[in-house]
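Letters go in sequence order (proteins before strands), and every chain restarts at 1.
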Amino acid sequence: MALFDIHAYFGSSPLFGGVDTQEETLAAMQRYGLDAVALVSSRARHSDLVEGNHQLRQVLDAEQGIFGYVTANTSYPDESIQEMRLYLAKHNFIGTAIFPHQHTPVMLTDAREILNAARRYTKPVLIYADDREGIRAIRQIAEEFDQTKIVILNMGGEDWHAAVQAAKTHANLFLEISGELDADKLAHTVGSISARKLLFGSSLPNADPSLYVGMINETTSLSQGDRRRISYQNALNLFNIEAELE
Amino acid sequence: MAVIDINARFGAYPSRHRTASFEEVSSEAEALGIDSSCVCSTTGIFFSAHEGNLQTSNAAASQPQRLIPAATLNPGMSLDAGGAADEIVAGPFRLARYFPDSQGWPIDFAPFRQSLSRFAERGLPVMITASRCGDATQLVRLIGGLPNKADGWHVILESVTPHTLAEAVAALRDAPDLMLETHSLRFADGLTRISEMIGAERLLFGSGAAAQSLGAALSYVRNSSLSEGDQAKVLGGNAASLLKL
């Protein structure tokens, strides 16, 4: 089964390890059987936005299946928009990622400028959600920016039912499957919305991709077509990157 | 080597929306190549330990080859936690389980200490959730002070999250009585790194099924970089020794 992990991190952490170079990224892809990966800079997410995005740029290589996201930060809207201007025209950068701060969700009012700027690049925006508050905030965003394709990273954690409801309501919302490993998560989701709205992701190295492969394999109600779409094809379609990987 | 899931539950699970009978737990495990599951009833976790333990012992009696009974005890809901522990020891149970986070009691808690000391004296292994910061540290202190512990008695930490991982590893290094269940570890190839620090003989495969994905938990161990021998220990060898199977 081909795998495109759309939620992985560049930059190792003291606790979980990880990758700091392109070589290490390729080794990790081989280790976990990933055909393609889309990276967020850990440094950009947790610390220095500009330096993190800059470091990430050095390792991306579409031909080897290494893609990335520009990290934007709602506390730094001007700098974020400048970062998007620098990187989003490049084909290796396939979207903009926005993360909550210390359990405060990504709110429409805080993210509006960034989301407005993102519209001109026509690339998806990925927003991380820990819980139902995060999902509620994303629903407001999805309503106002209804032409922007938005991927919910982490599926709202334990509140993944709320994420499924949101994706059912909003045509422009997609779900990345990492987060909770509830046994009925995928079966319930595919029973509620199309498998075309689900994307494989792990949050590597914080979680091991084999966990989510195991969850997919365990879900007997998924057809072979569903598995192929979730694991790989949906990412190619959403990020419009078939040509690069071929 | 038999594969043993040390952490399975059956019954209603209100916060996770999934109810699974013990028959379902057993057949799902069998389908994935699990030889036996150490089960407890969720009734014992969320409602009545006594009633839950009765359900568990009946379930295990009906499928003795596949189900190993684990008792639950809620020290916050027992006026004689030591006596409740004695009843469990006298029953068919191979493991006693505590859920301080979902039952809302702290580790530094007299009824818990009283019941734990009974299990320690009688040598019945114990598994306890360690999802709150500080719990593993307090547990090390508590276990260290218990008198008359039986030889080979162990306490298993489960539900160790990214927030409590560093503390759990430090606790395992401090206290040889502690072991670690695998289902919530999650980080990339984490078993190999943890095994290098504390030894594979202190790791036990568990899933959190039926609420949690058994396939994910199994895949995490099978796809780790652990040697075949160490995987066999984690998947069942360690549990077989601990539970005296």
- prompt: So which of A:N206, A:D208, A:L181 actually passes side-chain contact (heavy atoms from CB on, under 4.5 Å) with B:R186?
  reply: A:L181
message: As an exercise, state the distance from OG of B:S219 to CG of A:N217, rounded to the nearest 0.5 Å.
response: 7.0 Å
- request: Quick one: pull up CG in A:L211 and CZ in B:F187 and give me the separation to the nearest 0.5 Å.
  value: 11.5 Å
Should we say atom [atom1] of [X] is surrounded by more than 12 heavy atoms from elsewhere, each under 6.0 Å from it?
X: B:F47; atom1: CZ; answer: no
X: A:H188; atom1: NE2; answer: yes
X: A:Q58; atom1: CD; answer: yes
X: B:R193; atom1: CZ; answer: yes
X: B:R132; atom1: CZ; answer: yes
X: B:R202; atom1: CZ; answer: yes

Chi angles and distances behind the side-chain contact (heavy atoms from CB on, under 4.5 Å) call for A:Y32, B:D189: CA-CA 10 Å; A:Y32 297 108; B:D189 205 15; 3.6 Å; yes
A:A183 to B:A210 - nearest heavy-atom pair and separation: CB-O, 3.3 Å
- prompt: Which of the residues B:A166, B:A217, B:G215, B:S213 is involved in the greatest number of heavy-atom pairs with chain A at under 4.5 angstrom?
  reply: B:S213
- prompt: In terms of heavy-atom proximity below 4.5 Å to chain B, should A:L204 be classed as side chain, backbone, both, or neither?
  reply: side chain
query: Can you tell if the side chain of B:R222 reaches within under 4.5 Å of the side chain of A:S210, non-hydrogen atoms only?
result: no
Check: B:P162 and A:F16 side chains under 4.5 Å, non-hydrogen atoms: yes
- prompt: Among A:A207, A:G18, A:G33, which residue forms the greatest number of heavy-atom pairs with chain B at distances under 4.5 Å?
  reply: A:A207
field: Residue pair A:R31, B:S225: steps toward the side-chain contact (heavy atoms from CB on, under 4.5 Å) verdict
entry: CA-CA 10 Å; A:R31 161 76 180 81; B:S225 305; 3.4 Å; yes
- prompt: Given that the side chain runs from C-beta out, which part of B:S207 has a heavy atom under 4.5 Å from chain A: side chain, backbone, both or neither?
  reply: neither
query: With a 4.5 angstrom heavy-atom cut-off, which part of B:L165 approaches chain A: side chain, backbone, both or neither?
result: side chain
query: Backbone N or O of B:L214 within a donor-acceptor pair of the A:E218 side chain at under 3.5 Å?
result: yes
